[in-house]
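Have a look at the structure below before the remarks.
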Amino acid sequence: MEQVQARSHVQHPPIGTYVKVWVLLFVLSALSYFVDYFEVQETLKQFLVTVFGLMKAGLIVTFFMHLRFERLGLVYAILLPPLLLLTLLGILSAEADYTLWVRQLFFSP
Amino acid sequence: MAQREGSMNKAPLPAFSGWRGAVADWAGEGQAFRVSWGKVMMWIFLVSDTFIFGTFLISYMSARLSTTAPWPNTSEVFALNVGGASVPLLLIAIMTFVLITSSGTMAVAVNYAYRKNRVITAVLMGITALFGLSFVGLQATEWTKLILNEGVRPWGNPLGASQFGTSFFMITGFHGMHVTIGVLYLSIVAWRVFQGRYERSGNYQIVEIAGLYWHFVDLVWIFIFAFFYLW
């Protein structure tokens, strides 16, 4: 147990790192906001918002949630399972397309 | 493998790093993660919570893709009037800023906890909880405006597709509940830090574990911000 304790806080980045990450998060949020504010074209807007969102998520998970300093075994146990959600995403977007088609066929005025 | 069979005694496995470490950690007959149990438990909870929020967002996607009625324009719905001019999504931008800043103060609190600085850790956690409280307050304002002024209900609204209200109240409501619980959790841990409970046990890891929960709440907000408000 002592060994575990000792190893789990071997590395802690200096406070300056957190400030830099905070500034980056702020800049990326502002960028996503301005993408909406200046009414960028639909597809480009969705692409940019997704990219900025994923970058922010990466920064939080890497630095704020300390995954950069955890053992690789734990990192993969955390990051791989949520990828299963992509299956649900694929199935439900196909299903939603079908539902929309049926609704347009039978319920649209 | 021969190496492992040779080490069947009680001596701990050598701690490899990188890919060899990943394989050794996942191999049988061993302690799975060389991390304290509290942290692993919190991570397991957060992974399961990821599935809950992931499923919510995907069901929202499905509802939005399959409706024939037009989806309300979120930039207009969540606009605020500042000096007569309508600024789109202003309240949401402020809420995002508040939550990101609270995540920053929490990360610094964790850093001070490992330096065993009792007072600064407690104060920073208190500031984080106050930011969280103001986030919940702003969200209450947003809900009030939407329910009373715009007439949005979970079963319908005058702005367009009725699924808008359903998705909005379910997703932001569940997230707001997480923030509220987080504020309570942080306040309790901050109070205990201040009283010196972890000074006596010499183990400040609870601050890092509470921090993981708080950063997760921020993480979920990023996806709600991107996919519900901006999409």
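Residue numbering restarts at 1 for every chain, and letters A, B, ... go by the order of the sequence lines. What you see below is based on every heavy atom in this structure, not just the backbone, and it leaves out hydrogens, waters and symmetry mates.
Contacts between A:Q46 and chain B at a heavy-atom distance below 4.5 Å involve backbone atoms as well as side-chain atoms. Only the side chain of B:Y112 comes within contact range of chain A, judged by heavy atoms closer than 4.5 Å. Neither the backbone nor the side chain of A:A30 comes within contact range of chain B; no heavy atom of the residue lies under 4.5 Å from a heavy atom of that chain. Only the side chain of A:I60 comes within contact range of chain B, with at least one heavy atom under 4.5 Å from a heavy atom of that chain. With a 4.5 Å cut-off on non-hydrogen atoms, A:L67 touches chain B through its side chain but not through its backbone. Proximity to chain A involves both the backbone and the side chain of B:S75, based on heavy atoms less than 4.5 angstrom apart. Proximity to chain A is absent for every atom of B:W214, based on heavy atoms less than 4.5 angstrom apart.
Remark: A:F52 CZ to B:F225 CZ distance equals 11.0 Å, nearest 0.5 Å. Rounding to the nearest 0.5 Å places CZ of A:F106 at 13.5 Å from OG1 of B:T68. The line from CG of A:L100 to OG1 of B:T67 is 8.0 Å long, rounded to the nearest 0.5 Å.
For the set B:T96, B:V40, B:T101, B:T55, the entry with the most heavy-atom pairs within less than 4.5 Å of chain A is B:T101. Heavy-atom pairs under 4.5 Å with chain A were tallied for B:A226, B:G104, B:S103; the largest tally goes to B:S103. Options B:V108, B:L89, B:I44 differ in how many heavy-atom pairs under 4.5 Å they form with chain A, and the most are formed by B:L89. Of all the listed residues (A:G73, A:G53, A:P81), the one sharing the greatest number of non-hydrogen pairs under 4.5 Å with chain B is A:G73. Chain B forms the most heavy-atom pairs under 4.5 Å with one residue out of A:L92, A:L89, A:T99, A:I78, and that residue is A:I78. Options B:L57, B:T50, B:I100, B:V47 differ in how many heavy-atom pairs under 4.5 Å they form with chain A, and the most are formed by B:I100. Looking only at heavy-atom pairs under 4.5 Å with chain B, the residue among A:V49, A:V19, A:L85 that has the most is A:L85.
Dense packing is recorded around OH of B:Y185, with more than 12 heavy atoms of other residues, nucleotides or ligands lying under 6.0 Å away. By the neighbour-count criterion of 12 heavy atoms within 6.0 Å, atom CZ of B:F51 is densely surrounded, having more than that number from other residues, nucleotides or ligands. B:M170 CE: more than 12 foreign heavy atoms inside a 6.0 Å radius. Crowding of B:F45 atom CZ: a count of heavy atoms from other residues, nucleotides or ligands under 6.0 Å exceeding 12. Within 6.0 Å of the CE atom in B:M42, the count of heavy atoms belonging to other residues, nucleotides or ligands exceeds 12.
Here the side chain of A:K45 pairs a donor or acceptor atom with the backbone of B:L230 at under 3.5 angstrom. Side-chain N or O atoms of B:N111 include one that pairs as donor or acceptor with a backbone N or O of A:P13 at under 3.5 Å.
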Query raised in the report: Can you list the steps and then say if B:M106 with A:F64 is a side-chain contact (heavy atoms from CB on, under 4.5 Å)?
Result: CA-CA 9 Å; B:M106 187 67 227; A:F64 282 0; over 6 Å; no

Query - Candidate pair B:F97 and A:S29, rule side-chain contact (heavy atoms from CB on, under 4.5 Å), full reasoning - result: CA-CA 8 Å; B:F97 174 73; A:S29 299; over 6 Å; no

Requested in this report: Let me see the working for B:F223 and A:L54 under side-chain contact (heavy atoms from CB on, under 4.5 Å), right down to the final yes or no.
Outcome: CA-CA 8 Å; B:F223 286 101; A:L54 288 176; 4.0 Å; yes

Report task. Could you please spell out the steps behind the side-chain contact (heavy atoms from CB on, under 4.5 Å) verdict for A:Y18 and B:V110? Result -> CA-CA 11 Å; A:Y18 294 124; B:V110 173; 5.6 Å; no

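Contacts with chain A (heavy atom to heavy atom, under 4.5 Å) involve these residues of residues 59-66 of chain B, listed by number: B:M61, B:S62, B:L65, B:S66.
A:T50 is listed as a side-chain neighbour of B:W231, based on a closest heavy-atom distance under 4.5 Å. Residues B:L46 and A:M65 have side chains in contact (heavy-atom distance under 4.5 Å, counting atoms from C-beta outward).
Here the closest non-hydrogen pair linking A:Y33 and B:P88 is OH-O, 2.7 Å.
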